[in-house]
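Chain naming here is simple, since letters A, B, ... match the order of the sequence lines and numbering starts at 1 in each.
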Amino acid sequence: MNYHRFDCIIVGAGGAGMMAALESSRKVGTAVVSKLYPTRSHTGAAQGGIAAALSNLEDDSWENHAYDTIKGGDYLVDQTAAEILCKEAVDCIYELEHMGLPFDRTADGRISQRRFGGHTKPNPIYDPSATPGTDAAKPRIPVMRACHAADRTGHMILQTLYQQCIKQGVTFFDEFHMLDLIMVDGECRGIVAIEIATGQLHTFHAKSVLLATGGFGRMFKTSSNAYALTGDGPAIAYRHGLPLEDMEFYQFHPTGIYRLGILLSEACRGDGGVMFNGKGERFMDVYAPNLKDLASRDVCSRSIEQELRAGRGVNGKDYVYLDIRAETINKYKTSPTGSDVDSHWVEKRLPDIIDFARTYLGVDPIKEPMPIQPTAHYAMGGVPTDVHGRVLRDTSGEVVPGLYAAGESACVSVHGANRLGTNSLVDLIVFGRRSGKDMARYALDREFQPFPANPEAPTRMAIDSLLSRPRTEPWVKLRDEMQKTMMDDCGVYRTEERLTRARDTIAGLQVRYKNLGLQDKGTVFNTNLLEVLELGCLLDLSEATVASALARKESRGAHSREDFPNRDDTQFFGHSFATKHGDGQPTVTYKNVDVITLEKDGKTTTKYPLEIRKY
Amino acid sequence: MTTTDSVRNLTLKIKRYDPERDEKPHWEEYEVEVDGHDRVLDVIQKVKWYQDETLGLRRSCAHGVCGSDAMRINGINGLACKVLVKNLQSSLLTVEPILGLPVIKDLIVDMKPFFDHYKSVMPFLINDDPPPTTERLQSPAERARFDDSTKCILCACCTTACPPFWGDQKYVGPAAIVNAHRFIFDSRDRGAAERLDILNDAQGVWRCRTVFNCTSACPRDIKVTQAIQEVKRAMLTGDIGFDPST
Ligand SMILES: Cc1cc2nc3c(=O)[nH]c(=O)nc-3n(C[C@H](O)[C@H](O)[C@H](O)COP(=O)(O)OP(=O)(O)OC[C@H]3O[C@@H](n4cnc5c(N)ncnc54)[C@H](O)[C@@H]3O)c2cc1C
Ligand code: SF4
Ligand code: SF4
Ligand code: FES
């Protein structure tokens, strides 16, 4: 049998997985199992930047960053975790730089930083009595906090971490696809994976396992996510009866390339780009009078939807424009420094974005605006963890021994109901590092526990039956229906009626899924088999997402219920936990949000008081 | 916008090989309906999803940043997700696996030899000086010196377009040299001498005959041949533009 034994098994070789591997492999035997070659991971697609209050170009503080993160998440953020994120971010950026990451530089040789939506600092000239619309009337103003390497920051992070893994001699199982977790008496003892090139099953015996499998945007029709982002880690945990947290919060990024969903980074707007409707109006003036185009993503995506519904798309179609032409930036005085820019500057700041527009739209953004529409982008929810990456069994906060999660597949939760741009990359690094440390600590404290006999048997059965069943209908029909349903009925705006319909459609697809057969019966690189197994994961995650969205009868962050348009802190100030028990719909329960309180003059107050979220 | 919505038919010819069924590779043809937005990747996946599920290919990001889907498209190396069918002149589209690496199945080749060459040039920052408490300083000009080679996504389009590599797969190939260049000219790095030594080897840079295939194949527009020339020059002059001992 293909049996392997390592103290730590890391599933996923994106930013979160490799950061954890660099930590744990310093102390204990570690292997990374990844269905893609590490450098193919979607962390490499991240464009705009990674947040940390370095104050390289203007005064900033981790406290400002924490305030923005908590407000950006519409207060559904665990505040201790958010403070850890923002404090440790600074040191993590220096660590990445020391590893060789080629950040862009300021004139004096330090790491360059740019603005991003929702990242602010207090306005030094704020005057509450000032005339609305004037500079002094804004309580907070944008700040340059996103450290970047042109518009390929994620690419540089992924490359740098992989380079360091090579240097440190980390063991990789490339193109091994995890299919199951090995759980014994409520503890994790390893994983089952298929070697894609041969079709053979392998078992990995471990003391601690990290799920770092990334996002699952592929449950929606239009997405910025790679084909490989199918949420395998969270889905497999869910099948083992473990909860999924805050699944109803799925972020739609406002500026996806029309029809294709390819992302045009928020850095476009951070560097001064402006959105226009079909009438040539800068519509964010109306929806977010202070931060305008730099309001947070959920706000911008809803604004675009509103414009489209009101018939103000471009040429009567379902898109608006994103304009990054130097003359536009100068006309609206939106450049980061306030002074004029030229097209050469724009090309240097956003080379990849410009290349995408030229390649995929046939539009030269130096000369013309780009057609955009919201695209499914980021899962705030995922496998619940504590601040050491340890997976939680239920809303009580009890941990599952030996099981960890980090990165987009996890929910710490630092993003709450809506993530700020550049806060995911820093989440990968901060909590990837913490998970790796704690996994090593745990492994050093503990002997290998007995490995069950034939833990791969259920996986083998599932594969055998898929390969032997006759093909009743093409599997892609199910995928197409799922993606359409999730996009139309569980997208930017939701209602009871549409969510109920989505629930029933997904349940129907799950029944049909059980009868699927394949055309490819081979063992070598059977991507037909893998795509169908990935679809199974997406269907389970769709089920959990819709159930959590149905249960939350309020609007908060990225979850927008037209039938319950307001935030309801008396009933829904809590993290949803969707848990599956046997067949049928999951149950949804709630866990308290971690709120930091302060004692002053014998009175208890909250450090981050709940506010109505306005930009 | 210059995108066209017009739908047309296209013949897709794919070089197929399944080690469990075929003795040797053979061509198969498919008729596919395409529109002006379709990438070559979309066309191939239309076949895989709606006509023949047994077709094997790698892909992930679908917008030219992950490096998964390098293949020969109408005889020229490229990423299937970065070539739009509307830019292809003919109504026949042929795709086949990149050359010089063993074919595993259909469009999928064994990437291990490619990654082994990459790893052989020590593609990581070497600097044992204790780091400062904040970032190491680097001027914008020093940073710009190696910017081009940081763009590499390890797709292998260049190496598998290189005639000397086709002739002898022990040659490290242009991608590995680009990644050595990335560090040799980084003012923070101290490993240039070792890397130049490795590349001075019989399988190193001198294998390159400056045919420029690699540069035109690179989907990231990296000036591959120029990077190789710069490495050769550094080897001959010992000059990398800064003193790594300070
Ligand atoms: C286009 C785009 C731009 C973005 N830009 C930014 C930005 O500028 N700033 C920012 O902060 N965030 C950005 N984000 C978000 C951020 O990039 C992602 O959230 C983050 O990179 C996810 O990293 P990860 O390590 O969790 O997963 P990934 O990098 O997605 O890696 C997942 C890994 O899991 C492996 N895997 C998955 N399933 C299995 C399985 N079954 N078995 C084995 N291995 C498996 C894969 O092979 C892969 O190695 C962007 C996202 C997108 C899509
Ligand atoms: S320039 Fe050199 S490396 Fe590039 S293809 Fe030609 S021979 Fe190969
Ligand atoms: S240099 Fe260009 S063609 Fe070669 S591997 Fe890198 S990105 Fe691909
Ligand atoms: S699929 Fe990622 S480069 Fe083409």
Could you grab the distance from atom CZ of A/Phe525 to atom OG1 of B/Thr54, nearest 0.5 Å is fine?
14.5 Å

Parallel, tilted or perpendicular: ring planes of B/His63 versus A/Phe356, cut at 30 and 60 degrees:
perpendicular

So, the side chain of A/Arg40 versus the backbone of B/Ile153: is there a donor-acceptor pair under 3.5 Å, distance only?
yes

A/Met99 versus chain B, the contacting section by heavy-atom distance below 4.5 Å:
backbone

Measure across A/Ala226 and B/Cys61 and return the closest heavy-atom pair with its distance rounded to 0.1 Å.
CB-CA, 3.7 Å

So, the part of A/Asp480 with a heavy atom under 4.5 Å from chain B: the answer is side chain

So, the part of B/Leu154 with a heavy atom under 4.5 Å from chain A: the answer is both

Should B/Lys46 and A/Val476 count as side-chain neighbours, where that means a heavy-atom distance under 4.5 Å?
no

Could you check whether atom CD of B/Gln51 has more than 12 heavy atoms from other residues, nucleotides or ligands sitting under 6.0 Å from it?
yes

The interface call for B/Met122 against chain A, heavy-atom contacts under 4.5 Å, is neither

Answer yes or no: is there an ion pair linking B/Arg220 with A/Asp352, defined by an N-O contact shorter than 4.0 Å?
yes

Charged N-O contact under 4.0 Å between B/Lys82 and A/Asp355
yes

Between A/Gln159 (side chain only) and B/Thr150 (backbone N and O only), is there a donor and an acceptor less than 3.5 Å apart?
no

Any residue of residues 102-110 of chain A which, by heavy atoms, sits under 4.5 Å from chain B
A/Pro102, A/Phe103, A/Asp104, A/Arg105, A/Thr106, A/Ala107, A/Asp108, A/Gly109, A/Arg110

Who among B/Pro19, B/Pro132, B/Gly56, B/Cys155 has the most heavy-atom pairs with chain A under 4.5 Å?
B/Pro132

Please classify the contact between A/Glu95 and chain B as side chain, backbone, both or neither, with a heavy-atom cut-off of under 4.5 Å.
neither

Under 4.5 Å from a heavy atom of chain B, the part of A/Asp91 involved
neither

Pick one of side chain, backbone, both or neither for B/Glu20, based on which atoms fall under 4.5 Å of a heavy atom in chain A.
side chain

Given the options A/Asn526, A/Asp520, A/Thr527, B/Lys105 meets side-chain hydrogen bond (donor to acceptor under 3.5 Å, both in side chains) only with A/Asp520

Atom of B/Lys119, atom of A/Ile166 and distance for their closest heavy-atom approach:
CG-CD1, 3.8 Å

Step through the shown structure and confirm whether more than 12 heavy atoms of other residues, nucleotides or ligands are within 6.0 Å of NE2 on A/His344.
no

Between A/Ile196, A/Leu529, A/Leu263, A/Thr359, which has the largest tally of heavy atom pairs under 4.5 Å with chain B?
A/Thr359

Output the option from B/Arg21, B/Lys112, B/Glu142, B/Arg182 having the highest count of non-hydrogen pairs under 4.5 Å with chain A.
B/Arg182

With no hydrogens and no angle check, is any side-chain donor or acceptor of B/Glu135 less than 3.5 Å from a backbone partner on A/Ile111?
yes

For A/Tyr227, is it the side chain, the backbone, both, or neither that has a heavy atom closer than 4.5 Å to a heavy atom of chain B?
both

Exceeds 12 heavy-atom contacts within 6.0 angstrom, atom CG of B/Asn87:
yes

Min side-chain heavy-atom separation B/Trp49-A/Trp475 under 4.5 Å:
yes

Chain A contact via B/Ile104 - side chain, backbone, both or neither, heavy atoms under 4.5 Å
both

Measuring from atom SG of B/Cys66 to atom OH of A/Tyr37, what distance do you get when rounded to the nearest 0.5 angstrom?
13.5 Å

For the interface with chain A, which of B/Asp106, B/Val65, B/Thr134 has the highest count of heavy-atom pairs at distances below 4.5 Å?
B/Thr134

For chain B, which residues of residues 168-175 of chain A have heavy atoms nearer than 4.5 angstrom
A/Glu175

Worked verdict on B/Asp147 versus A/Arg152 for salt bridge (charged side-chain N to carboxylate O under 4.0 Å, His left out):
CA-CA 11 Å; B/Asp147 185 59; A/Arg152 49 174 185 279; 3.1 Å; yes

Engaged part of B/Asp189 at the chain A interface, taking heavy atoms whose separation is under 4.5 Å:
neither

Best-contacting candidate, A/Gly522, A/Pro474, A/Gly44, A/Gly154, against chain B by heavy atom pairs under 4.5 angstrom:
A/Gly522

Are side-chain heavy atoms of B/Lys48 and A/Asn528 found at a separation under 4.5 Å?
yes

Most chain A-contacting option - heavy-atom pairs closer than 4.5 Å, from B/Phe183, B/Tyr50, B/Phe146, B/Phe124
B/Phe124

So, do A/Thr39 and B/Tyr118 sit near enough that their side-chain heavy atoms are less than 4.5 Å apart?
no

Check whether A/Leu260 gets within reach of chain B through its side chain, its backbone, both or neither, counting any heavy atom under 4.5 Å.
side chain

Any side-chain heavy atom of B/Leu125 sitting closer than 4.5 Å to one from A/His98?
no

Under 4.5 Å heavy-atom distance to chain A, tell me which part of B/Gln45 shows up: side chain, backbone, both or neither.
side chain

Chain B contacts, top residue of A/Lys521, A/Met370, A/Arg479 (heavy-atom pairs, under 4.5 Å):
A/Arg479

Hey, is A/Glu97 close enough to B/Arg143 for a salt bridge, meaning N to O under 4.0 Å?
no

